[in-house]
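Heads up: the structure comes next, in structure tokens.
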There are 2 protein chains.
Amino acid sequence: MDEDDVGTVDVPEATVARLPQYLRALSVLAEAGLQTVSSEALAEAVGVGSAKLRKDLSHLGSYGTRGVGYDVTELHRQIADHLGQTTPWNVVIVGIGNLGHALAGYGGFGDRGFRVVGLFDDGSQVVGEVVAGLRVRPLADLPQVVHPGATIGVLAVPAEHAQGVCDQLVAAGVRSVLNFAPVVLRVPAGVDVRKVDLASELQILAFHAQRRAVRGAAPVAPRLPSLAPVTERVGEVV
Amino acid sequence: MDEDDVGTVDVPEATVARLPQYLRALSVLAEAGLQTVSSEALAEAVGVGSAKLRKDLSHLGSYGTRGVGYDVTELHRQIADHLGQTTPWNVVIVGIGNLGHALAGYGGFGDRGFRVVGLFDDGSQVVGEVVAGLRVRPLADLPQVVHPGATIGVLAVPAEHAQGVCDQLVAAGVRSVLNFAPVVLRVPAGVDVRKVDLASELQILAFHAQRRAVRGAAPVAPRLPSLAPVTERVGEVV
DNA sequence: TAGATTGTTAATCGATTAACAATC
DNA sequence: TAGATTGTTAATCGATTAACAATC
């Protein structure tokens, strides 16, 4: 595959979602001074199977060497390239409440190629305050900060304001939105929305936890009289 | 399907992940005073197809009425039941930095059936402070607060401490962990971990954004001389 | 060359979707 | 009854997995 095929060949969504994990693992390996890594070892570090990893990488092109493995630095560069991380992306955060405040100060973004360049809110009490080194601006200032198509918007406003603020982001030229409000946003075609729903995550955990509890309470096997000794497992589940 | 089949019939993971969305939409409809909703209308509210919704609900049992739709209150109760939300779940948050602080104060958990019952940290400067009405305790106090198997642990510590703290959570009896640290946690069988990786979400958005940019820059169709007028679309992508 | 490990093939699995018979 | 809408079937699609030929 050609070097300049970045961005022109289809990569399955499931693969895209794993690329950041591979990238991070490679960073760790590079810092540890490793030159080369096998698909087996890298997959193990990320918690997936090696076949899946090789298949994922095959969608980006083939950067490994049979019998040897992958060059850590080279593979890191290739994946970073595909993720568009050769230059940092600008991020604006809208809604500087509890969560927005935390996101503004979150070091993890900077480490992974993002730069928070604007904080916005319309609650009169926060506007003007300095948070994580940036002065919080009113929403009306969005167009002054957003570079159309090149800025990611993070939405950390209450559910009832999310759609309205999203519309303003889109109007200002934002084409990628990370939404923390538990609502379905309607956006025009060409705008990409991802949703992080913190309460949902807990609910999914609760679903499985309850399942364990219910199953654990019920007998694992029917109690039949038996001549051979039987190990009864109670409450032990996957 | 029987009432008491809750927790005993297999529900596909993809379906489980959507149940919280359905539940929330039903809450909104119930508040709006709606008695009944069709799969078409509910699906529209959640942003999925109606066939998918009906298929999802069919895994829980069949609570609809042909020709009529679903009883809003009844369906809400059924889904809440399956999600184990008839009684609230207790949640402990470990790592009261930027993010943990925000999570402790996040109202969305309480609204959706969770109760934050403990905040923990080992950084000497936070321990003892009161955050969102709770005093931050040292990790050593975990066993005093955790009810084995019935408490969800939220991990908001730096990556390098995540595994160690996770081990302590598990030792205290936590069987469900929501992990915000960008690391792969190793846990014994029977412990359920979900990961929320904020930077990853941005990276996935960046991948698609870059793709739009690259494709937009390239000509959409080969430029051939043509007798008929041609509409050239530049930069317009899905 | 012999051993190791990739990249790819083919089989399997799970999720989505459209269509429609069942039925209120 | 006629119209509406569910629950289910069958077809399709996409993702995972194991196995192995290619090749360093």
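In what follows, every heavy atom counts, from backbone to side chain, and hydrogens, waters and symmetry copies are set aside. Each chain gets a letter, A, B and so on, in the order the sequences are listed, and its residues count up from 1.
Phosphate proximity of dT6(C) to Ser39(A): present, with a side-chain N or O under 4.0 Å from OP1 or OP2.
A salt bridge links Arg112(B) and Asp197(A); the closest N-O separation between the charged side-chain nitrogens and carboxylate oxygens is under 4.0 Å. Salt-bridge annotation for Arg186(A) and Glu44(B): present, with a side-chain N of the basic residue lying under 4.0 Å from a carboxylate O of the acidic one.
Between Val37(A) and Arg18(B), the one whose closest nucleotide on DNA chain C sits nearer the 5' end is Val37(A). Both Lys52(B) and Thr65(A) lie near DNA chain C, and the one whose nearest nucleotide falls closer to the 5' end is Thr65(A). Nearest-nucleotide assignment on DNA chain D puts the 5′-proximal partner with Arg54(A), out of Arg54(A) and Val68(A).
In this structure, Phe109(A) and Phe114(A) have perpendicular ring planes: the angle between them is above 60°, well past the 30° mark.
In this entry dT17(D) has dA10(C) as its Watson-Crick or G-U wobble partner, both defining distances falling under 3.5 Å. dT23(C) is paired with dA4(D) under the criterion used here, namely a Watson-Crick or G-U wobble arrangement in which both key atom distances are under 3.5 Å.
Side-chain atoms of Ala51(B) lie closest to dT17(C) of the nucleotides dT17(C), dT6(C), dC20(C). When the nucleotides dG7(D), dT17(C), dT16(D) are ranked by their closest atom to the side chain of Lys55(A), dT16(D) comes out on top. Considering only side-chain atoms of Arg66(A), the nucleotide from dT16(C), dA22(C), dC24(D) that sits closest is dC24(D).
Counting only distance, with no hydrogens or angles, the side chain of Arg24(A) and the backbone of Pro182(B) share a donor-acceptor pair below 3.5 Å.
At the heavy-atom level, Glu40(A) lies nowhere under 4.0 Å from the strands shown. Looking at heavy-atom distances under 4.0 Å, Gly49(A) makes no contact with the nucleic acid at all.
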